[in-house]
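Keep in mind the model is a prediction, meaning the values are calculated, not measured. Throughout, a chain's letter reflects where its sequence line sits, starting with A, and its residues are numbered from 1.
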There are 2 protein chains.
Amino acid sequence: MTEPVRATLAAVAKLAGVSPSTASLAFNGSGPVAEATRERVRQAALELGYDGPDPRARSLRRGRSGIIGVVLEEALREAFRDPMNLAMLDGIADVTGAAGNSLLLLTESAGPGSALVDAPIDAAVLFGCSPVVDDKVRIVQKRGIPVVAIEGRPLPGVVDVGLDSREATRALAAHLHDLGHRRVALVTLELDRDRHRGVLNPARIDRATSFTALERIRGAQEVYPSIGGVATLGSTIDEGRLAGHALLDPGAGEAAERPTAIIAQSDLLAAGVIRAAHELGLDVPGDLSVVGFDGVRVDDPLVPELTTMVQPGLEKGRAAGRALVDLLAGREARSVAFTSAFRRGATTARAR
Amino acid sequence: MTEPVRATLAAVAKLAGVSPSTASLAFNGSGPVAEATRERVRQAALELGYDGPDPRARSLRRGRSGIIGVVLEEALREAFRDPMNLAMLDGIADVTGAAGNSLLLLTESAGPGSALVDAPIDAAVLFGCSPVVDDKVRIVQKRGIPVVAIEGRPLPGVVDVGLDSREATRALAAHLHDLGHRRVALVTLELDRDRHRGVLNPARIDRATSFTALERIRGAQEVYPSIGGVATLGSTIDEGRLAGHALLDPGAGEAAERPTAIIAQSDLLAAGVIRAAHELGLDVPGDLSVVGFDGVRVDDPLVPELTTMVQPGLEKGRAAGRALVDLLAGREARSVAFTSAFRRGATTARAR
DNA sequence: GTGCCGCGTCGAATCGATTCGACTAAGGTC
DNA sequence: GACCTTAGTCGAATCGATTCGACGCGGCAC
């Protein structure tokens with residue numbers, strides 16, 4: 001198993017009797033090369049088993065690696081359990097893949113070491129990142145690497161692909177208010193990286209770092225200024241179910257205290273809440289109205305079509321991808337904001 | 001916005017009044033450097049806004065990029081919809097991430113162009129890849145890049161992380177046979193990249209390229225040599241549902257023709273089949289027994305606990321990760337085969 | 001016949017760091 | 001005091017390709 005010394009372009013050139021420069025031209029066809037020469041180089045390459053330039057060397061010289069970093073804050077399993085994230089990732093892959101780029105998965109934590117700062121990436125896209133990665137982002141930017149954020153806190157020099165989270169949540173809250181609901185509770189996405197569930201209170205909200213969760217809280221507060229609720233660890237049906245139980249089954253609580261409507265910050269959470277309601281013998285929307293967010297298909301026959309805000313996940317991803325491609329090509333890219341569409345499902349009804 | 005020429009190590013060295021070599025040593029601490037010198041270099045770096053070596057140059061020199069390619073054949077959205085794939089990916093990320101590697105997503109199609117052959121990867125892991133990528137894998141291997149396959153067809157020089165798909169399916173089939181089932185049908189994973197659903201027949205099976213699907217078919221054939229069924233487009237509940245309808249509701253078919261048991265090649269498919277059965281008014285397991293494969297939690301209250309073979313997805317991923325890390329360190333790595341465990345759920349019963 | 005043009009090829013610089021061997025000076029040993 | 005070691009630093013080669021400017025040569029125009 002002795003490695004027979006991997007062939008280099010120089011070796012091919014020598015065998016073909018041309019200079020390395022010519023061989024290079026012959027290979028990537030970017031210059032005027034006589035057909036005979038090209039053929040000779042091809043032959044030599046074949047003979048030496050050379051199939052294409054070393055990507056490392058090429059990327060040093062060209063200053064491009066063809067790789068875009070996808071920066072996530074969670075473990076992959078969590079980030080990709082949410083179909084909305086998958087849709088966005090897919091949108092990004094669509095556009096950037098067509099432009100010849102691949103995606104590098106980077107899960108950033110706090111702390112000093114970091115794959116982000118010394119990964120050979122040409123650009124980066126942040127997936128709902130909180131401030132813990134800000135300094136690393138700054139380092140990356142200083143390298144001249146364009147950065148696009150999806151629903152990030154506005155950051156200087158970062159192109160943002162946004163969503164009307166706040167206004168959309170306000171609309172949902174207004175819908176509930178119109179239906180006569182006055183005791184309404186929130187079930188939020190994770191607020192920060194503490195990984196703590198818990199009751200929502202002003203102090204907790206102050207410490208929150210997740211931009212999207214905060215925006216959606218604020219939207220709800222515009223209609224219900226003193227709204228409370230619980231924070232979850234992320235967008236899953238299970239978390240929603242736990243939250244649902246926490247809100248609907250408060251031990252010896254009187255029924256009069258129970259919320260008549262719940263604003264869940266994602267459809268998966270909403271589905272979990274509805275399941276919890278079922279388990280407690282509550283009818284949705286008879287006893288409890290529930291709204292979600294996202295507009296993903298929840299694969300659960302017990303969950304009727306949700307009243308929710310439908311957001312264009314794939315399109316958001318594509319927009320991020322376009323921004324990345326534009327920036328890489330030296331073109332301008334502007335932040336864009338997508339809007340979600342209200343969809344009235346079968347999970348909200350007039351308050352009793 | 002004029003780029004002030006990104007700082008290089010050489011510039012830092014000059015400012016600090018040392019040679020580039022010393023500066024390099026001072027940075028990655030791999031040689032004897034006087035504390036004073038180190039500090040001077042640090043200061044200079046700070047002054048110039050230099051934060052770490054260019055990953056491209058470093059990777060050329062070192063011959064390592066710290067990147068492992070994850071080769072998938074499907075669009076991301078499809079590959080990651082299956083929780084089993086996510087679990088494996090997570091296992092890989094666990095182990096390789098701890099060793100300082102990141103994962104590059106590569107979706108390979110047939111055809112000449114390919115991100116795989118000129119991505120700066122140190123190693124690659126194949127996710128259930130069919131022969132269409134074989135030639136590209138060979139090119140990559142020739143570069144001296146180690147390759148690990150998860151449930152791949154045995155390929156020379158490729159370390160395999162396998163599963164007892166065939167034997168496990170045989171066990172499931174035997175279980176059904178023991179229960180007295182004689183009319184049994186298969187619902188398979190996708191057989192190849194044709195993207196065609198369809199009735200399973202010998203010709204179709206002959207053309208199939210998906211190793212795992214084939215193995216599981218063969219396992220079933222050991223008990224039911226002439227078993228038929230339908231092929232799906234992949235492991236989703238929806239595909240299972242379609243397949244279920246195709247098998248259980250064959251137009252004006254007599255009930256006597258209907259299978260009394262179905263072997264689904266994944267739990268998601270099984271869940272879909274069960275849902276189809278419900279829709280047709282069939283009781284599971286009363287009228288129909290269904291077995292799955294994988295042992296993932298299906299989040300559907302209508303689907304009881306499945307009779308299935310539980311396979312260790314996360315562990316398989318970790319094993320693949322370990323193999324990659326070992327190979328990168330120049331150590332040996334041997335193929336491993338995992339076994340799945342029979343779990344009797346509530347979806348199989350004695351044939352009427 | 002001279003001059004100009006352009007195709008095809010080549011040399012050499014460059015991308016930015018790492019690393020090995022060599023060299024210097026200081027400290028320690030007998 | 002001669003000799004040896006070792007810490008600290010430096011020069012130069014190297015990784016493998018890309019690219020720019022130059023150059024030779026043949027053809028064409030005048």
Side-chain angles (χ1 to χ4, degrees), chain A residues 3 5-42 44-45 48-66 117-122 142-145, chain B residues 3 5-42 44-45 48-66 117-122 142-145:
Chain A
E3 295 243 353
V5 180
R6 270 198 319 294
T8 74
L9 184 58
V12 173
K14 197 157 112 194
L15 180 59
V18 299
S19 76
S21 15
T22 305
S24 172
L25 295 182
F27 248 89
N28 49 39
S30 51
V33 177
E35 189 47 49
T37 313
R38 189 187 302 276
E39 189 47 42
R40 213 141 29 91
V41 172
R42 235 181 250 139
L48 268 62
Y50 176 85
D51 11 47
D54 180 319
R56 283 177 269 263
R58 172 207 289 258
S59 91
L60 169 59
R61 182 65 241 238
R62 294 237 247 237
R64 282 287 165 87
S65 62
V117 305
D118 53 27
I121 55 178
D122 296 340
K142 223 163 45 184
R143 277 232 169 86
I145 291 179
Chain B
E3 296 244 353
V5 179
R6 270 197 321 291
T8 75
L9 185 57
V12 173
K14 197 156 112 194
L15 180 59
V18 300
S19 76
S21 12
T22 306
S24 173
L25 295 183
F27 248 88
N28 50 39
S30 50
V33 178
E35 190 48 46
T37 313
R38 189 188 300 276
E39 189 48 42
R40 215 142 27 92
V41 172
R42 235 180 250 140
L48 267 62
Y50 176 85
D51 11 47
D54 180 319
R56 284 177 269 263
R58 168 204 290 253
S59 91
L60 169 59
R61 183 63 241 242
R62 294 238 247 238
R64 282 286 164 88
S65 62
V117 304
D118 54 25
I121 55 178
D122 296 340
K142 223 164 44 185
R143 277 232 169 83
I145 291 179

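DNA chain C is contacted by both B:Ala11 and A:Leu25; A:Leu25 maps to the nucleotide lying nearer its 5′ end (nearest heavy atom per residue). Each of B:Glu35 and B:Ala57 was assigned the nucleotide of DNA chain D with the nearest heavy atom; the assignment lying further toward the 5' end belongs to B:Glu35. Comparing A:Ala34 and A:Pro20 by the nucleotide of DNA chain C that holds the closest heavy atom to each, the one mapping nearer the 5' end is A:Ala34.
Counting heavy atoms from C-beta on, the side chains of A:Asp51 and B:Val117 never come closer than 4.5 Å. Side-chain contact between B:Val41 and B:Val12 is present, with at least one heavy-atom pair separated by less than 4.5 Å.
Between the side chain of A:Thr8 and the base of D:dG16 there is no donor-acceptor pair of N/O atoms closer than 3.5 Å. In terms of polar N and O atoms assigned as donor or acceptor, the side chain of A:Arg61 comes within less than 3.5 Å of the base of C:dT14 in a complementary pairing. No hydrogens or angles were tested; on distance alone, a donor-acceptor pair under 3.5 Å links the side chain of B:Ser21 to the base of D:dG11.
Closest to the side chain of A:Thr22, from the set C:dT9, C:dA12, D:dA17, is C:dT9. Distance from the side chain of A:Arg62 is smallest for D:dT19 among the nucleotides D:dT19, D:dA17, C:dT19. The side chain of A:Pro32 lies closest to C:dG8, out of C:dG8, D:dG8, C:dT18.
B:Pro53 comes within 4.0 angstrom of the backbone, heavy atoms only, and of no base. No contact: B:Ser59 has no heavy atom under 4.0 Å from any strand. Using a 4.0 Å heavy-atom distance criterion, A:Tyr50 is classed as a sugar-phosphate-only contact.
Across the protein-nucleic acid pair, A:Leu48 atom CG and D:dA17 atom C1' stand 16 Å apart, rounded to whole Å. Rounding to whole angstrom units, CG of residue B:Leu60 and P of C:dT14 are separated by 17 Å. Taking atom CG of A:Asn28 as the reference point, atom P of D:dC20 lies 12 Å away to the nearest angstrom.
At distances below 3.5 Å, not a single donor-acceptor pair connects side-chain atoms of A:Arg143 with backbone N or O atoms of A:Asp118. Here the side chain of A:Arg56 pairs no donor or acceptor atom with the backbone of B:Pro120 at under 3.5 angstrom. Checking side-chain atoms of B:Arg42 against main-chain N and O of B:Ala26 turns up no donor-acceptor pair under 3.5 Å.
Put simply, B:Ser24 has no side-chain N or O that comes within less than 4.0 Å of OP1 or OP2 on C:dA17.
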